[in-house]
Every structure is written in C-alpha cells, then in structure tokens.
Amino acid sequence: MRRRSSTSSNRTPIIKRRASNLDFDEFGFALSKKKEQKLQHRSHEYSYPQADAIRVKQLCELLSYWNGSSFICRSQIERFIRMGIPPSLRGRVWKCLLNLDSIRESDVFNYQACLDEIRKPLVDLGVSEYSILSSLSSTLSPARASPALAFCSQEVALFHQIAQELQRSFPTHRSLMGESPEAIEGQAKLFRILTVYAKYNPQIGYSQGMSCIAAVLLMHLSEEEAFWALVVLLREPKYLSELFDLSSEKIQHQAAVFHQLLKHRRPSLSQHMEDCGVMSLHYVQPWFLALFTSLPCWDSALAIWDLVMLQGLVGVFRAGLAIMSLLESRLMALTDHTTMQNLLLRVPVEFSKHHVLVPALWATDIQESEVKCMATLVLENAGEDLRKENLKPNCTSPPTAEPEAHKTDAKASTLAAKEPTKEATGCVTKNVFTRMLRVARRYLVVVGQSSGGRKQSRTSSSSSTELQPSKAKVSACLPQAQIRAKRRSQKGPGLRILSRKPTPSSQESDAGAAEDCSEPGLRRLRSGPAGRGAHRRSVHKALRRRSLQLCPMGSPRNSTHRPLLVSAESPRPAWSTAGHYRMLSPQCEAQDEQNPRLTVRESQLI
C-alpha cells in the first residue's frame, strides 16, 4: 500500500517532466506520433506560403496608417489576406479589422473593474482562479450557494460550466496543455475572459463554442484585447451575433440557411445527402460555433479566420461551401449517413491542407445579399409550415352545433353586407353612364352658325349651347331614317356628318363651306381606328377639307406661336380665350367678333 502511494505521489512530476520535454510546432501544438495524430485529428505538415521581407514591410506600413473606413485600406488588406498573413503580424491585422482600439476607448465598460468584482468573493472563499476546476469542486457547488457566499446558484453553475470547457479547449496546445506555468496562466486568462463576458452580456451569458473562440484570440492577442475582440465578434451583426444564444435557435436557423445555400449551389449533392438522411445541423453546428478550428491543418483554420475577420458571417458560409465542394466526390460515393457525417466532422488532411483548401475558399464567391435571400426563404418556408399546421382540422374535438341566434345574426350580417354592394353597383353603373355621355360629347364638334339673317344675342347663344346636349340625346334616341328626313326638310344648312373619307355629296358642298359654317350645329365623327391620334387626325382632315383654321386661343395677335392648321387664303390666325381652339373658314374670318361660339375645346379634339 505504501509503495502504491509513493508511486502515485511521484506521477505528477513525471507528467510535468514529460510535458516539459515535449516539442511544439510553430503554432504551439505538441508534436506527437502519427498514430496519436490520427486520434487527435491534428497534422503538423503546413503548406502556407512563407512571406518575404518586402511583403512584411509593406504590410507593416499599411497597418501603421490603417483606416477602417477607407476603401483603399480594406482592398489592400484583402490582397494581403489572399497572399497569406504572416503569423507574426496576424494579431495586428485582427486588431485593425475589428477596430479594437476605438471600441475599447468609446465603451464605458471597464474590464479590470468587473474582474475585481468577480475575483474578490472567490479570494475570500479561498478559491484560486489558477486551479479553478479543483477549487470549485471542493469549495463551491450549486447546492451550497447562498447569499452569504456572495454568489447565487446560477453564477456557481456558470463557473462550473466554464471550468469544464477549459479542459476541452485545445488540450494539445502549449498555452492550455498540462500543468506548466504557461498552461496554468492560459487557463486562468481564458476563465477570466469568459466570466467577464458573461457579466458584460448577461442576456447570452456563456454559450457552447465561446471557449474555442476566446482561446484562439488569446493565442494572438493580449488578455484585454482578446476580451474586446470577443465582444465585437459576438455583438456586431456582421460577425457572429447570429450564431450564439441560449436557446440554440440562431444556429438552427443558420444551419437551415446553409442547407438552402447548398441546395442552390450544389443541388445534386444536397439531394443525395437528404436521401441518405444527413441533417445539416449535425455538421454545421460544430463548424460554425468553433469557426472550423477542428480542421487538422491549423494554417488552413487561421486562413479561414482571416477571411471571417474581413467579411464576417459571409466568410463562414464561404468556408463551409468550399469544404462541401472539395468533399462532393467523396460524399456522392457514400450511402451510409454515419460514414458521411464522420467524414464531414473530421475532414481528411488531404482536403484541409492550405494549398488545397484556401484556393477553393477564394474560388467560392458568396455575396451578402445571397445569404440574406436564403435567410428570407427559410423564414417563408417556416411560416408556410406553421400555417399548414394551423390549418389542419382538429379531429379530437367534434364539431359543435351553432345556436339559432348565431345563425340569424350571421344571416343578418350577410344581408347587411349585400345591401352596400347593390348601392355600390348602382353607383358604378351611374358612373359608367356619365362617362359614356362625356365621351359622346367629345365626339360632337360645333361647326358653325348660319349667317342668313338670324342674329342672336349672347344670352340666346348661351342658351342654345346649353340645349345642345339635350338635342343630341333626343337625336340619338330617334331612328336614323327620321333624322335624315328631318335634315332634308330643313331650309337652311343643318347638321352635316363629317367622315374620314369624303363622299361625293361632301365634295360637292366644299364650295359652300362658308355658308355651312354660319349656322351652329352638332357634327359627329364616324367611328374609325381606335386611339387618340386616330380621332385627332380625322378631325384635322375634316378641317382641312373645309379650309378651316385651328389655332390655340389665349395668345396675343402679335405672338410668334404657330397655329395648328392655317389655310392658304388666310395665314394670319385669330386669338381668343385660353383653353379653346378656333375653326374659321376664309369667308367667315371677317365675322370673327360676331361668332363667339365658333370655338371648340381642346378636349373635344382628343
């Protein structure tokens, strides 16, 4: 028993010595044998391009005069990201892209003050942040939480959850692995960042996947800078605010959006995966929440992070679609959903190498508008599904008979609803009839007034013009034969019909156009080709045939306005009130002042 206790007591120094004797690669991951690499799903063969001194100098100059709102700076940094960011400058590039300095100065939140508020009760209870897991398990528990301990049960549960996540976050990285001073300090920093963020944003608190993001930020930034970078990534809508929440509804929505995007870009692959029963949420959730840190090649994972810092959530969709395009041939050859899911969760090394994945990443172009369109489509489909569920009949509850009072009320409401419809239809009929009358009046043109001895005053002329619509109505109601007989019986010139093509009778009466213009009457155009221009041309031809003038009124006599129609005998137009046109024959022009009714409205020519 003693020997066993002595050997057990000597285990920790051996482990420490082994951990201290381990070698690490250039990104800080412990080197291991090939069998262990397969189990850990980690590769140490990196293929990212090495930056030369000139490119490093140019990038340093760009970061020295960086302006986040400048289009030139962002285009230049995108060029450097395409070529590959040197590992030594990646932290500075992330700080500039996230604009950490200005956000840190403008925000009223104090990181150190909040950290002191959390640390003081823990120190009073003898809980150390450098050995948080053992301290919490031995001293604090959710059952023992009380107001005297200055912590509630929710805070203690939060501490336990964060402490458990510390062991799962990159267990083979130098800053979090083993019990070395560097690893203990790295775990304490990660614990402080996550607890302070839970205080900073209590609506979200701590969610699954935040520890991986904070750990990657700590690898390239200081503690406080990593905290503000986490704040920007999880607060801004451009980045990851649509992924993290307590109910996991956001990540489910984004998984559905990625499914629609894959269905749009790779329809055959999407259909094959649906037939095999592979759900998009099973592989999208670990991809998006950990930002592809599960890839075996760390240089490829950091290249994806560079793109996410530049483009935000669009870069996350872009990386997922690039991986699906690389694995399409392998996935199409599989039919087992378990094998397909394992392939997606553990991307093979040959597909995740930098010189393979990064060109496919930049070759996959996705716009923000396309992602928003797919999100809208997902919401519409969800609304239709909910509507269909609501429209389904409830078979469990039998239909109840309506009381008679409700039936009578329904009948009365339907009758009351029908009455306004009748009045509305009557109003519509009346409006149609008035419109027909207006159209008929537009086709009636005043031709002239007789000069054979009947001189009427302005009052009599106005009364005759007022009676013209009624006469037109009466004449429209009479048969055509009676109208012709009435015209023959008239002694003076009466109503004459204008036509588009002159008849022999109209051609014979062209010589007496002056006498025809002297007597007022209503002249109606025959129906011709449809259209406003056709009616105007027919009126103009008739006016030319009568050798009449058509001039706009309301302009002075010495105006330079050109009349619409001027006969050869009288090139000078006459002018009167605005809004009308005058139709004069060469013989009747001298009687202009005595015939004020020889005017036609502009609307009658249309």
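Values below: every heavy atom of this structure, side chains too, minus hydrogens, waters and symmetry copies. Note that the numbering runs from 1 along the sequence shown for the chain.
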Taking every heavy atom of C276 against every heavy atom of T335, the minimum-distance pair comes out as SG-O, 3.5 Å
D306 (side chain) donor-acceptor with G84 (main chain) under 3.5 angstrom
no
Nearest 0.5 Å, what's the CE-CD1 distance between M309 and I77?
12.5 Å
Answer yes or no: is there a side-chain heavy-atom contact under 4.5 Å between I81 and L97?
yes
Take W305 and F292 through the side chain to side chain contact (heavy atoms under 4.5 Å, CB included) test and state the conclusion after the steps.
CA-CA 8 Å; W305 273 67; F292 302 94; 5.9 Å; no
Which atom names give the shortest non-hydrogen contact between L321 and I366, and what distance separates them?
CD2-CD1, 3.7 Å
With side chains defined as the heavy atoms from C-beta onward, is the minimum distance between V93 and F80 less than 4.5 Å?
no
Matching residue for Q76 among E78, R79, R74 - test: side chain to side chain donor-acceptor pair (under 3.5 Å)
R79
Measure the acute angle between the ring planes of W228 and Y200, then classify it against the limits of 30° and 60° as parallel, tilted or perpendicular.
perpendicular
Under the side chain to side chain contact (heavy atoms under 4.5 Å, CB included) rule, what do L221 and L100 come out as? Steps first, then yes or no, please.
CA-CA 11 Å; L221 302 171; L100 294 184; 4.2 Å; yes
Ring centres under 6.0 Å, that's the criterion: do Y48 and F27 meet it?
yes
Side-chain heavy-atom pair N342, R346 within 4.5 angstrom cut-off:
no
Validation row: N381, E384 side chains within 4.5 angstrom (heavy atoms):
yes
Compare all side-chain heavy atoms of E165 with those of L194 and state whether any distance is below 4.5 angstrom.
no
Can a donor-acceptor pair be found, under 3.5 Å and without considering hydrogens, that links the side chain of R318 to the backbone of T364?
yes
Do D275 and Q271 have side-chain atoms, one donor and one acceptor, less than 3.5 Å apart?
yes
Side chain S300, main chain L357, donor-acceptor under 3.5 Å:
no
Would you check if L361 and L307 make a side-chain contact, meaning some heavy-atom pair closer than 4.5 Å?
yes
Result of checking L190, L176, L230 against L218 for side chain to side chain contact (heavy atoms under 4.5 Å, CB included):
L190
Considering only heavy atoms from C-beta outward, does the side chain of S268 approach that of E328 to under 4.5 Å?
yes
The reported gap from CE in M219 to CG in L302 (rounded to nearest 0.5 angstrom) is 8.5 Å
Between E155 and K199, does any NZ, NE, NH1 or NH2 come within less than 4.0 Å of an OD or OE carboxylate oxygen?
yes
Do D25 and H44 get their side chains close enough for a donor-acceptor pair, meaning under 3.5 Å?
yes
Above 12 or not: heavy atoms from other molecules or residues under 6.0 Å from CD of E249?
no
Donor-acceptor pairs under 3.5 angstrom involving side-chain atoms of residues 202-217: please list them, not counting sequence neighbours.
| from | atom 1 | to | atom 2 | distance (Å) |
| --- | --- | --- | --- | --- |
| Y206 | OH | S211 | OG | 3.3 |
| S211 | OG | S169 | OG | 3.0 |

Do E242 and H253 have side-chain atoms, one donor and one acceptor, less than 3.5 Å apart?
no
Measure across L59 and P86 and return the closest heavy-atom pair with its distance rounded to 0.1 Å.
CD2-CD, 3.8 Å
Is the F227 ring parallel, tilted or perpendicular to the Y197 ring (thresholds 30°, 60°)?
perpendicular
CE of M332: more than 12 outside heavy atoms within 6.0 angstrom?
yes
Lys/Arg N to Asp/Glu carboxylate O, R192 vs E185, below 4.0 Å:
yes
Donor-acceptor contact present, side-chain H272 to main-chain L331, <3.5 Å:
yes
A quick test of your reading: do over 12 heavy atoms of other residues, nucleotides or ligands sit less than 6.0 Å from NZ of K238?
yes
Let me confirm one number: the NE2-OG distance from H259 to S270, rounded to the nearest 0.5 Å.
4.5 Å
To the nearest 0.5 Å, tell me how far Y283 OH sits from S294 OG.
14.0 Å
Identified side chain to side chain contact (heavy atoms under 4.5 Å, CB included) counterpart of F351 within the set I323, L295, L326
L326
For the student: nearest non-hydrogen atoms of L243 and F288, plus distance
CD1-O, 3.9 Å
Starting at NZ of K120, measure out to CD of E117 and round the result to the nearest 0.5 Å.
10.0 Å
Measure from the side-chain N and O atoms of S102 to the backbone N and O of N99, and report whether any donor-acceptor pair falls under 3.5 Å.
yes
Exam field: side chain S43 to backbone P296, donor-acceptor pair closer than 3.5 Å
no
Correct closest heavy-atom pair for L158 and A198 would be CD2-CB, 3.5 Å
Check whether any side-chain heavy atom of F191 lies under 4.5 Å from a side-chain heavy atom of I118, and answer yes or no.
no
CZ-CH2 distance between R42 and W298, expressed to the nearest 0.5 angstrom:
6.0 Å
Grab the two heavy atoms, one from Q40 and one from S32, that are nearest each other, plus how far apart they are.
OE1-OG, 3.7 Å
For atom NZ of K250, is the number of surrounding heavy atoms from other residues, nucleotides or ligands below 6.0 Å larger than 12?
yes
Assess whether side chain to side chain contact (heavy atoms under 4.5 Å, CB included) is satisfied between T293 and F170, documenting all intermediate values.
CA-CA 9 Å; T293 54; F170 306 107; 3.9 Å; yes
Going by atom types only, do T339 and D336 share a side-chain donor-acceptor pair under 3.5 Å?
yes
More than 12 heavy atoms of other groups within 6.0 Å of E45 CD
no
Let's go through M324 and R266 carefully: what are the C-alpha distance in whole Å and the side-chain angles of both, what is the deciding distance for side chain to side chain contact (heavy atoms under 4.5 Å, CB included) to 0.1 Å, and is it a yes or a no?
CA-CA 9 Å; M324 295 299 294; R266 307 282 178 178; 5.8 Å; no
Using 30° and 60° as the class boundaries, would you call the ring planes of H220 and W94 parallel, tilted or perpendicular?
tilted
